[in-house]
Amino acid sequence: MDFIKVIGFKKSFGTKQVHSGVNLSIQKGECLGLIGGSGAGKSVILRSLIGLEKPDEGRVVFDGKDITDYTEDELVNIRKRVAYVFQGGALFDSMNVYENLAYPLREHTKLGEPEISEKVLTKLKELGLEGNDKVYPAELSGGMQKRVGLARAIIMEPEVILYDEPTAGLDPFNTVKIQEMISRLKATGVTSILVTHDMPSAFAVCDRIAMLAKGKIGAVGTRAELDASPGGIIHKFINGEQL
Amino acid sequence: MIQTFASSIGGFVLGQLQFVGGSTVLFLHSLKEALKPPYYPQLIVEQINQVGVRSMSLIVAASLSTGMVMSLQFGLGLEKFGAKLYVPKIVSLSIAKELGPVFTSLMFAARVGAGIASELGSMTVTQQIDAIRALGTSPIKRIVIPRVIACTIALPLLTVIANAVGTFGALTVGQFELGLDSGFFIQKVITTVKIGDYINGLLKTFFFALFVVFTSCYYGLNVKEGTRGVGIATTKAVVASSILIVVSDFFLTKLFWIIEKWIS
Ligand SMILES: Nc1ncnc2c1ncn2[C@@H]1O[C@H](COP(=O)(O)OP(=O)(O)OP(=O)(O)O)[C@@H](O)[C@H]1O
Ligand SMILES: [Mg+2]
């Protein structure tokens, strides 16, 4: 059975229709790469999976439940299970790095301060950010903010992780680190969707790749399936051709 | 030409309707969410410090000078009719009933309204509000409600301070410029201003605080078009809450007056 399902997703902003019927399904434990041009609507799809955005038409199904019309209250239980890694980190700038990471733990668990501290410092270390716990987000580089954002998203050990361009703007070393992180999480059984422009990363960690173009999923398949269809839309996209 | 004029009027009306509808919805949501845990007492304390304690110097300066100027103006004006002795009565009554509450609220709208709108606006633009939601928590609970509680506590208290400081300013000018004995001044103030007048004024500021905080939260949370939108939202928040204060002042005064008559 499909773990996450998007059915006939349509969305317009003002007079501009961005999605004209997107269908997508993700299996449990799978990593799906979602690619597409800038402004194709990848972030909007990702946001709707946790109800940050509602489709004009169409359904979003999560673990057998139609969550399209869930209220903010009802969505809390979904959001505890699904982490969202924001494109720019979206760190709380009134809190330091430590407080940012501790936030979900304080809100959703009954852990005491020693356990919280241990979890936070371990996560920071895993992402190569040790020693930055007292620093405020404004003092971090863009790439570091991204990694702190990632750390905050995964600290609750979610079942599903939605990555919005986690490697964009990172240096090669950190890109590889994030790739490894995603693979490692996937190996523990996490289901993930990776929105990216970074094809090497997508090929390195994703089981299947879907391409969003002209408001629909233009193509979807495993690496082998895509390689078998040269001249397809994904090849054109990768080679920088006009779609 | 006529068409652009008509469409800009249409846009304006639409914007106002959105504001009224949106801020009412925000108000109702906040009421609903305020009843359910979790509560964030330490965020409320932080906000009281932010909106109340830090507004103190502005309020003190403004009310001191207002009281002094009023006393001087009335003193010089009434002196011609030999009615200088009425200065304490007139000044203290107008401070307690109108000037204290309304002036303080307008200052509050400028400082605190702008602060809230721009802070929430930046949080919206940098997706921090989305992040609060994505992490399974509520921006209304964490951001809006602490500010609402802080403002409704802080503004009446600031008004109490403003009234006292304003009256003190008037008294100083009375003593040194008008030659009114300060003992006489104080006695006149006490016999003129009834506790009801005083409470009326403070009660109004409770409503003014609600106008300021919901207006600025609404504009801040609905920022579009990036950083440019933050500036626009801030301006709109201050303008709208100031207008709401001065307009509702009339109706609140009238309403309280009716209630007062009805009670007695
Ligand atoms: N809140 C909004 N208001 C108006 N338009 C929006 C809004 N959110 C998204 N859009 C529009 O929807 C389209 C898709 O946006 P989205 O952010 O999903 O693109 P994307 O595929 O993630 O692009 P990128 O790769 O640049 O991040 C864009 O054209 C954008 O202008
Ligand atoms: Mg995007």
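In what follows, chains are A, B, ... by sequence order, proteins preceding strands, each numbered from 1. Side chains included, hydrogens not; waters and symmetry mates left out as well; all remaining heavy atoms used.
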Enclosure of B/K36 NZ (heavy-atom neighbours >12, cutoff 6.0 Å): yes
Heavy-atom neighbours of B/H29 NE2 exceed 12 at 6.0 Å: no
Residue A/K5 excluded, over 12 heavy atoms near NZ under 6.0 Å: no
Over 12 non-hydrogen atoms of neighbours within 6.0 angstrom of CZ in B/F211: yes
Atom CZ of B/F206 with >12 non-hydrogen neighbours under 6.0 angstrom: no
Euclidean distance, B/I143 CD1 relative to A/S94 OG, rounded to 0.5 Å: 7.0 Å
Could you pull out every donor-acceptor pair under 3.5 Å between side chains of residues 83-92 of chain A and any protein atom, sequence neighbours left out?
unit_1 : atom_1 : unit_2 : atom_2 : d
A/Q87  : OE1    : A/S43  : OG     : 3.4
A/Q87  : NE2    : A/E165 : OE2    : 3.4

Side-chain heavy atoms of B/E33 within contact of A/E72, under 4.5 Å: no
Heavy-atom check, side chain of A/L75 versus side chain of B/R133, under 4.5 Å: no
Contacting moiety of A/D73, where chain B heavy atoms sit under 4.5 Å: side chain
Rounded distance [0.5 Å steps], CZ in A/R106 versus OG1 in B/T137: 13.5 Å
Part of residues 216-242 of chain B lying next to chain A, heavy-atom separation under 4.5 Å: none
Heavy-atom contact with chain A under 4.5 Å, split by part of B/I129: neither
Identified side chain to side chain contact (heavy atoms under 4.5 Å, CB included) partner of B/L135 from the options A/R152, A/M156, A/E107: A/R152
Closest contact, heavy atoms only, B/A134 versus A/L52: N-CD2, 4.2 Å
NZ/A/K54: more than 12 non-hydrogen atoms of other groups inside 6.0 Å: yes
Within 6.0 Å of NZ in A/K119, more than 12 heavy atoms from elsewhere: no
Within 6.0 angstrom of A/E118 CD, more than 12 heavy atoms from elsewhere: no
